[in-house]
Amino acid sequence: MNKVIYIGDLTLNVSINPDGSAATRVGDRLVEAAMLDSLMGVETIFVGEASADIVGDHIVSHLAKAGVDTSSIDRYSEGVSPVKITAGPQSRPVIHSSFPSEPINPVWPRINENDVALFGSYMVLDKRNHDAVIDILRNARARKAKVVLLPYFDLDRVHRITRVMPEVWDSLEMADMVIVTVDDLAALFPGKDAAKAFKDHILFYCRRCLVLDRDTLTMRFFDGDESWTLHCHPTAITKERWVAGAVAGTARALCEGISDPDEIMAKANETAHSEITASLS
């Protein structure tokens with residue numbers, strides 16, 4: 001059976017509530033998508049980096065409890081895992097992190113034909129790690145795996161988009177498909193709607209792109225000169241969780257050999273709307 005390999009950031013997110021209590025969450029859309037795919041029965045591997053300390057232990061164990069293979073997470077000792085602290089939607093996040101000077105050096109996962117490799121987040125754009133990630137993806141392409149790019153990043157870590165654009169273009173060249181939200185497109189290509197951003201910037205590198213819009217509950221799939229739109233089920237889950245569910249569903253569809261745009265979006269919609277996505281801890 002085919003498997004899914006996720007490559008991205010591993011962060012501990014801490015939210016301080018008005019009453020002084022705090023809630024924690026591990027990672028972002030890639031981490032949650034990896035856990036969802038694992039919980040739904042897909043063999044799932046996560047490639048990333050976490051410190052060899054109590055925070056790193058918590059992050060790795062959180063993934064492992066969901067059944068995700070964590071053997072390709074690089075456990076470094078020369079720093080601390082990133083912790084992002086927020087105190088409400090209007091507060092400016094505080095990020096505590098310290099990374100080694102060397103690039104990420106994980107145990108490479110075994111990648112076979114028709115496996116799916118998804119990569120994204122600031123970790124894969126960071127100049128410290130970018131070449132090492134691209135080497136893994138070249139190996140994935142050589143083994144005829146499907147490579148999917150999620151060109152997103154934490155805006156609190158990227159204050160000037162132009163500084164990461166060379167790595168964005170480089171990443172697009174590796175991709176067989178792109179999954180992006182309308183917010184991601186607005187950050188990368190300001191002032192352009194999804195169709196214009198795809199035609200002017202993404203299509204040159206990659207002909208297939210799934211655009212997710214939680215605010216309008218729509219998905220739009222571009223394939224060359226054609227496009228399809230799906231109006232999704234109403235849901236009360238958060239934007240980030242909905243996106244994670246859609247990513248997990250797309251990955252599972254590709255893992256099952258599905259290539260039809262309507263069928264891919266149906267699987268993404270089904271997963272984003274599922275009870276397991278809503279209840280993910």
Visitor: Spell out, yes or no, whether L10 and L280 are grouped together once hydrophobic residues are joined by side-chain heavy atoms under 4.5 Å, including indirect joins.
Guide: yes
Visitor: Only distances under 3.5 Å count here; give the side-chain donor-acceptor pairs of residues 105-112 to other protein atoms, sequence neighbours excluded, each with its distance to 0.1 Å.
Guide:
none

Visitor: Can you check whether I202 reaches L185 side chain to side chain, under 4.5 Å on heavy atoms?
Guide: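 Answer yes - side chains close enough.
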Visitor: What heavy-atom pair brings V116 and C255 nearest, and what distance separates the two atoms?
Guide: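 Shortest heavy-atom contact: CG2-N, 3.6 Å.
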Visitor: Output every pair passing side-chain hydrogen bond (donor to acceptor under 3.5 Å, both in side chains) with a member in residues 177-187, not counting sequence neighbours, ordered by first then second residue.
Guide: R29-D184, T181-D184, D183-K239
Visitor: Excluding sequence neighbours, so at least two apart, what forms ring-ring contact (aromatic ring centres under 6.0 Å, His included) with H62?
Guide: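 Applying ring-ring contact (aromatic ring centres under 6.0 Å, His included) to H62 gives none.
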Visitor: So, for P103 and A132, which heavy atoms are closest and what is the spacing to 0.1 Å?
Guide: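 The pair with the smallest heavy-atom distance is CB-CB, 4.5 Å.
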Visitor: Counting only N and O atoms by type, is there a donor-acceptor contact under 3.5 Å from the side chain of D193 to the main-chain atoms of K196?
Guide: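 Checking the backbone N and O of K196 against the side chain of D193, a donor-acceptor pair under 3.5 Å is found.
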Visitor: Please step through salt bridge (Lys or Arg N to Asp or Glu O under 4.0 Å) for the pair E256 and K267, ending with a clear verdict.
Guide: CA-CA 11 Å; E256 294 171 1; K267 183 77 75 172; 3.3 Å; yes
Visitor: To the nearest 0.5 angstrom, please state how far the OG atom of S51 sits from the CG atom of D57.
Guide: 7.5 Å
Visitor: Quick one: salt bridge (Lys or Arg N to Asp or Glu O under 4.0 Å) partners of K192, sequence neighbours excluded?
Guide: D200
Visitor: Taking only residues two or more places apart in sequence or in another chain, which ones pass salt bridge (Lys or Arg N to Asp or Glu O under 4.0 Å) with D53?
Guide: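 Here no residue qualifies.
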Visitor: Grab the two heavy atoms, one from G249 and one from T271, that are nearest each other, plus how far apart they are.
Guide: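 Minimum heavy-atom contact is CA-OG1, 3.3 Å.
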Visitor: Give the ring-plane orientation class for F221 versus W228, where under 30° counts as parallel, over 60° as perpendicular and anything between as tilted.
Guide: perpendicular
Visitor: Step by step, would you call T277 with R241 a side chain to side chain donor-acceptor pair (under 3.5 Å)?
Guide: CA-CA 7 Å; T277 299; R241 182 62 55 80; over 6 Å; no
Visitor: Who pairs with I276 by side chain to side chain contact (heavy atoms under 4.5 Å, CB included), at least two apart in sequence or on another chain?
Guide: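 Once residues adjacent in sequence are excluded, the partners of I276 under the side chain to side chain contact (heavy atoms under 4.5 Å, CB included) criterion are L36, L39, M40, S274.
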Visitor: Sequence neighbours left out, what passes ring-ring contact (aromatic ring centres under 6.0 Å, His included) with F204? Give chain and number order.
Guide: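 F204 satisfies ring-ring contact (aromatic ring centres under 6.0 Å, His included) with no residue once adjacent residues are dropped.
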Visitor: Taking R75 first and then E49, would you say they form a salt bridge - that is, a charged N and a carboxylate O separated by under 4.0 Å?
Guide: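 Looking at R75 and E49, the cut-off is not met.
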Visitor: What residues, two or more places apart in sequence or in another chain, satisfy salt bridge (Lys or Arg N to Asp or Glu O under 4.0 Å) together with R141?
Guide: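 Residues passing salt bridge (Lys or Arg N to Asp or Glu O under 4.0 Å) with R141: D176.
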Visitor: Can you list the steps and then say if S227 with F198 is a side-chain contact (heavy atoms from CB on, under 4.5 Å)?
Guide: CA-CA 11 Å; S227 69; F198 171 73; over 6 Å; no
Visitor: Less than 4.0 Å between a side-chain N and a carboxylate O, is that true for D225 and K199?
Guide: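 The answer is no: the pair does not qualify as a salt bridge.
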Visitor: Sequence neighbours excluded and cut-off under 3.5 Å, please list the side-chain donor-acceptor pairs for residues 142-150, or say none.
Guide:
unit_1: R143; atom_1: NE; unit_2: N139; atom_2: OD1; d: 3.3
unit_1: K146; atom_1: NZ; unit_2: L254; atom_2: O; d: 2.6

Visitor: Regarding D135 and R138, does a basic nitrogen lie under 4.0 Å from an acidic carboxylate oxygen?
Guide: yes
Visitor: Please evaluate residues M123 and I7 with respect to the criterion side-chain contact (heavy atoms from CB on, under 4.5 Å), reporting the C-alpha separation (whole Å), side-chain torsions for both, the decisive distance (0.1 Å), and the verdict.
Guide: CA-CA 9 Å; M123 192 274 283; I7 307 172; 4.0 Å; yes
Visitor: Of all residues at least two apart in sequence or in a different chain, which pass the salt bridge (Lys or Arg N to Asp or Glu O under 4.0 Å) check with D131?
Guide: none
Visitor: Looking at D28 and S121, what are the two nearest heavy atoms and their distance?
Guide: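 Of all heavy-atom pairs spanning D28 and S121, the closest is OD2-CB, 4.0 Å.
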Visitor: Where is the tightest heavy-atom contact between A33 and V247, given as atom of each residue plus distance?
Guide: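 The pair with the smallest heavy-atom distance is CB-CG1, 3.8 Å.
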Visitor: For a quick test of reading the model, state the closest non-hydrogen atom pair linking D37 to A251 and the distance between them.
Guide: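 Closest approach of D37 to A251, heavy atoms only: OD2-CB, 3.4 Å.
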Visitor: Please enumerate all residues that pass ring-ring contact (aromatic ring centres under 6.0 Å, His included) together with Y152, with sequence neighbours excluded.
Guide: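 Testing Y152 for ring-ring contact (aromatic ring centres under 6.0 Å, His included), a comparison that skips the adjacent residues, returns none.
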Visitor: Nearest 0.5 Å please: distance from the CG atom of L212 over to the CG atom of L217.
Guide: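 If we round to the nearest 0.5 Å, L212:CG and L217:CG are 11.0 Å apart.
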Visitor: Quick one: does any side-chain atom of T11 pair with a main-chain N or O of N13 as donor and acceptor, under 3.5 Å?
Guide: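 No: the side chain of T11 does not pair with the backbone of N13.
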Visitor: Working to the nearest 0.5 angstrom, can you tell me the gap between E43 CD and D69 CG?
Guide: 7.0 Å
Visitor: Side chains of T44 and S38: donor-acceptor distance under 3.5 Å anywhere?
Guide: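 Not at all, the side chains of T44 and S38 share no donor-acceptor pair under 3.5 Å.
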Visitor: Supply the atom-to-atom distance R208 CZ to L203 CG, rounded to the nearest 0.5 angstrom.
Guide: 12.5 Å
Visitor: Does L210 share a hydrophobic cluster with V182, counting links as ILVMFWY side-chain heavy atoms below 4.5 Å and allowing steps through other members?
Guide: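 No, because L210 and V182 fall into different hydrophobic clusters, even though each may have its own neighbours under 4.5 Å.
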Visitor: Could you check whether any side-chain N or O of D213 sits under 3.5 Å from a backbone N or O of T218, counting only pairs where one atom can act as donor and the other as acceptor?
Guide: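 No, the answer is negative, given that no donor and acceptor are paired below the 3.5 Å cut-off.
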Visitor: Parallel, tilted or perpendicular, judged at 30° and 60°: which one describes the rings of F99 and Y76?
Guide: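 Because their plane-to-plane angle lies in the 30° to 60° range, the rings of F99 and Y76 count as tilted.
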Visitor: Treating D19 as the side-chain partner and S21 as the backbone partner, does any N or O pair qualify as donor plus acceptor under 3.5 Å?
Guide: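 Between the backbone of S21 and the side chain of D19 there is a qualifying donor-acceptor contact (under 3.5 Å).
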Visitor: Under a 4.0 Å N-O cut-off, is there an ion pair linking D9 with R157?
Guide: yes
Visitor: Can you establish whether the number of heavy atoms outside E226 located under 6.0 Å from its atom CD is more than 12?
Guide: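 Open.
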Visitor: Transitively linked via ILVMFWY side-chain contacts under 4.5 Å: I258 with M219?
Guide: yes
Visitor: For R128, does the CZ atom have more than 12 heavy-atom neighbours from other residues, nucleotides or ligands under 6.0 Å away?
Guide: yes
Visitor: In chain order, what residues pass the side chain to side chain contact (heavy atoms under 4.5 Å, CB included) check against S61, with sequence neighbours excluded?
Guide: none
Visitor: Could you tell me whether a side-chain N or O of H130 sits under 3.5 Å from a main-chain N or O of V124, the two making a donor and an acceptor?
Guide: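 Yes, because the side chain of H130 sits within donor-acceptor range (under 3.5 Å) of the backbone of V124.
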Visitor: Check the hydrophobic clustering (I, L, V, M, F, W, Y; side-chain heavy atoms under 4.5 Å; chains of links allowed) and say if L30 and V158 are grouped together.
Guide: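 No; V158 is not reachable from L30 via cluster members.
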